[in-house]
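Data block below; observations after.
Just so we're clear, the structure is a prediction, and the values are computed from it rather than from any experiment.
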Amino acid sequence: QIGAIPIHVYLDIPWVPYADIFHKFGFLSDVKGLPSLLKKLWNASDTALEQMEEEVRSARDRLFTLEGLMEQVSQFMTGRG
């Protein structure tokens, strides 16, 4: 909820919230791909990272607060989302 870009490193299955849009505001890699991810992070422009930070901030209330999460669950359960 602080607006930081999440980096999720996994062993077998990436258990991340909102997997279909996670790439817009976070990085995902299995352990074997970690060196490649580190290169990607090192080479990322400030503008690209700032844009991802803005995506995190704009999604925070809608996706990562209790109220937002409950609304997402409600939308899913009622077929509205």
Side-chain angles (χ1 to χ4, degrees):
Q1 291 184 358
I2 62 173
I5 299 171
I7 299 173
H8 180 74
V9 179
Y10 59 93
L11 293 174
D12 54 2
I13 299 171
W15 288 91
V16 295
Y18 313 107
D20 55 332
I21 61 170
F22 189 84
H23 67 278
K24 292 182 179 182
F25 51 76
F27 293 98
L28 189 62
S29 176
D30 61 7
V31 174
K32 291 179 186 175
L34 194 52
S36 176
L37 175 59
L38 293 174
K39 285 180 186 176
K40 182 177 182 178
L41 291 169
W42 183 259
N43 293 320
S45 70
D46 289 347
T47 303
L49 295 175
E50 288 167 359
Q51 185 175 4
M52 289 182 82
E53 287 175 338
E54 182 54 37
E55 287 284 343
V56 170
R57 284 190 294 273
S58 70
R60 178 182 56 215
D61 292 340
R62 184 171 40 92
L63 303 177
F64 297 109
T65 62
L66 180 58
E67 184 177 333
L69 175 62
M70 295 313 302
E71 177 60 26
Q72 294 297 316
V73 170
S74 174
Q75 288 179 19
F76 175 76
M77 297 298 284
T78 60
R80 296 180 290 135

Between Pro17 and Leu69, is there a side-chain heavy-atom distance shorter than 4.5 Å?
no

What's the shortest heavy-atom distance between Met52 and Lys24, and which atoms?
CG-O, 3.7 Å

Does Phe76 belong to the same Ile/Leu/Val/Met/Phe/Trp/Tyr cluster as Leu63, with side-chain heavy atoms less than 4.5 Å apart forming each link?
yes

Do the rings of Tyr10 and His8 sit parallel, tilted or perpendicular, given the 30° and 60° boundaries?
parallel

Residue list, salt bridge (Lys or Arg N to Asp or Glu O under 4.0 Å) with Glu53, at least two apart or on another chain
none

Between Ile5 and Phe25, is a side chain to side chain contact (heavy atoms under 4.5 Å, CB included) present by the stated rule, with each step listed?
CA-CA 6 Å; Ile5 299 171; Phe25 51 76; over 6 Å; no

Has Ser74 got a side-chain atom pairing as donor or acceptor with Met70's backbone, closer than 3.5 angstrom?
no

May I ask you to check whether over 12 heavy atoms, not counting those of Gln51, lie within 6.0 Å of atom CD?
no

List for me each residue that meets salt bridge (Lys or Arg N to Asp or Glu O under 4.0 Å) alongside Glu71, sequence neighbours excluded, and say none if there are none.
Arg80

For the residue pair Leu37 and Ile7, establish whether any side-chain heavy-atom pair is separated by less than 4.5 Å.
yes

Nearest heavy-atom approach of Pro6 to Val56 is CD-CG2, 4.1 Å

ILVMFWY cluster, Leu28 and Ile21 together (side-chain gap under 4.5 Å):
yes

Point-to-point distance, once rounded to the nearest 0.5 Å, from CZ of Arg57 to CD of Glu50
8.5 Å

Got a sec, which hydrophobics cluster with Trp15, joining ILVMFWY side chains under 4.5 Å apart, including via others?
Ile13

State, yes or no, whether a side-chain contact exists between Val9 and Val31 at a heavy-atom distance under 4.5 Å.
yes

Looking only at non-hydrogen atoms, find the nearest pair between Glu55 and Ser58 and report the distance.
O-OG, 3.1 Å

Quick one: are Pro14 and Phe22 in side-chain contact, heavy atoms under 4.5 Å?
no

Gap separating the CG atom of Leu41 from the CG atom of Leu49, nearest 0.5 angstrom
7.0 Å

Nearest-0.5 Å distance, CD of residue Gln75 to OG1 of residue Thr78:
7.0 Å

Please report the shortest heavy-atom distance between Asp61 and Thr65, naming the atom on each side.
O-OG1, 3.0 Å

Look at atom CG of Asp46 and say whether more than 12 heavy atoms of other residues, nucleotides or ligands are closer to it than 6.0 Å.
no

